2 protein chains.
Amino acid sequence: MNKGNIVCEVELIDEKKVKAVKKKLPQDTLINQLSETFKSLSDFTRLKILLSLAEEELCVCDIAALTGVSVSATSHQLRLLKNARLVNYIKEGKMVYYSLDDEHINKIVNEATKHCLE
Amino acid sequence: MNKGNIVCEVELIDEKKVKAVKKKLPQDTLINQLSETFKSLSDFTRLKILLSLAEEELCVCDIAALTGVSVSATSHQLRLLKNARLVNYIKEGKMVYYSLDDEHINKIVNEATKHCLE
DNA sequence: ATAACATTTGAGCAATTGTTCAAATGAAAA
DNA sequence: TTTTCATTTGAACAATTGCTCAAATGTTAT
């Protein structure tokens with residue numbers, strides 16, 4: 001993954017500093033989980049779905065109407081969110097009702113909103 | 001963007017519900033800014049950079065060493081983060097020192113960590 | 001059974017992304 | 001000046017993404 005730059009990496013970096021920071025970083029597996037979580041929130045349609053579900057439990061049809069994308073695209077995104085453990089669903093006959101699976105999402109979005117509005 | 005599905009969208013959706021939820025949603029422009037912010041956090045390398053800068057101000061060289069990607073790739077990502085107003089930099093001779101530009105980032109990451117660890 | 005229909009699924013496609021490579025900047029040292 | 005070197009930049013490329021379309025499920029109604 002990292003080729004060359006031998007000078008920079010071996011001789012000139014502030015090794016103490018780098019090691020000190022490295023020690024404080026979360027494990028790669030956690031950083032990976034975090035980035036995956038943010039990836040789920042990084043798409044306009046998915047984020048709108050989550051914001052909608054934060055208000056109320058909704059069926060695929062209604063979510064599609066709210067987001068303005070096709071039912072198929074909505075279903076694809078919902079599966080993604082389900083895999084990311086961000087939403088849950090219950091089946092009622094033909095209908096499938098989705099809901100938010102995690103209260104943290106609201107807090108995350110709220111903090112991000114502060115950043116956007118500052 | 002949404003073709004067909006006339007039945008689903010015009011006749012069968014719970015229109016009251018949909019309208020009520022729609023009214024409570026943030027404006028599209030804000031949702032867009034939010035998703036862009038999350039996009040900045042959604043890449044492993046970029047997130048690691050931000051976590052590192054949360055600890056200490058660092059030069060490009062050191063950041064490259066910490067993340068394990070090339071200096072060039074690091075620089076590209078730093079520019080992205082700069083455009084997203086998530087980092088700042090100061091120049092000192094040949095060196096460029098980057099730092100976190102926003103304390104919210106830590107809070108966002110902390111909330112996301114709770115989600116990942118639950 | 002057959003039809004209707006909400007939802008899911010998989011293939012295919014254009015657009016975006018993260019990286020590498022090579023070359024360009026720009027500042028300090030020789 | 002010339003060299004060195006941290007950083008930036010742009011082109012190119014493979015990999016990923018989010019969508020559409022068509023077909024498949026699975027459930028309810030006729």
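Naming convention: chains lettered A, B, ... in sequence-line order (proteins, then strands); numbering from 1 in each chain. Predicted, not measured: the structure shown is a model, and the values here were computed from it.
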I need the CG-P distance between A:L80 and D:dT17, as an integer number of Å.
8 Å
Does OP1 or OP2 of C:dG18 have a side-chain N or O of B:R46 closer than 4.0 Å?
yes
A side-chain contact here means heavy atoms from C-beta on lying under 4.5 Å apart; do A:Y89 and A:V60 qualify?
no
Using a cut-off of 4.0 Å on non-hydrogen atoms, how would the nucleic acid contact of A:K82 be classed: base, sugar-phosphate, or nothing?
nothing
Whole-Å distance between C:dT17 C1' and B:L81 CG?
14 Å
For atom CG of A:D62 and atom P of C:dT7, their distance in whole Å
8 Å
Rounded to whole Å, how long is the line connecting atom CD1 of A:I90 with atom C1' of C:dT7?
15 Å
Can you tell me how far P of D:dT17 sits from CG of A:L47, to the nearest Å?
17 Å
For B:Y97, report the nucleic acid contact type (base, sugar-phosphate, nothing); a contact means any heavy atom under 4.0 Å.
nothing
Would you classify A:T74 as touching base, sugar-phosphate or nothing, given that sugar-phosphate means primed atoms plus P, OP1 and OP2, and contacts are heavy atoms under 4.0 Å?
nothing
So does B:Q77 get a side-chain nitrogen or oxygen closer than 4.0 Å to the phosphate oxygens (OP1/OP2) of C:dT19?
yes
Carboxylate-amine/guanidinium proximity below 4.0 Å for A:D101 and A:K82
no
Distance in angstrom units between A:I49 CD1 and D:dC19 P, rounded:
8 Å
Let's test your reading of the model: under 3.5 Å, does the base of C:dT9 pair with the side chain of A:S72 as donor and acceptor?
yes
Within the pair B:R79 and D:dT9, is there a side-chain N or O less than 4.0 Å away from OP1 or OP2?
yes
Looking only at the side chain of A:K94 (C-beta and beyond, no hydrogens), which of the listed nucleotides D:dT27, C:dG26, C:dT17 gets closest?
D:dT27
Taken to the nearest whole Å, CE/B:M95 to C1'/C:dA28 is 12 Å
Ring of B:H76 versus six-membered ring of D:dT9: centres under 5.5 Å and planes under 30°?
yes
N/O (side chain, A:S75) to phosphate O (OP1/OP2, C:dT7) under 4.0 Å:
no
Rounded to whole Å, please give me the gap between CD1 in A:I63 and P in D:dC19.
14 Å
Nearest-nucleotide 5' precedence on DNA chain D, A:E92 against A:D43:
A:D43
Considering all heavy atoms of both residues, which atom of B:L34 and which atom of A:C116 are nearest to each other, and what is their separation?
N-SG, 3.8 Å
Would B:I63 and B:V96 show up in the same hydrophobic cluster when neighbours are defined by side-chain heavy atoms closer than 4.5 Å?
yes
Can you name the closest pair of heavy atoms from A:D62 and B:D14 and give their distance?
OD1-N, 3.1 Å
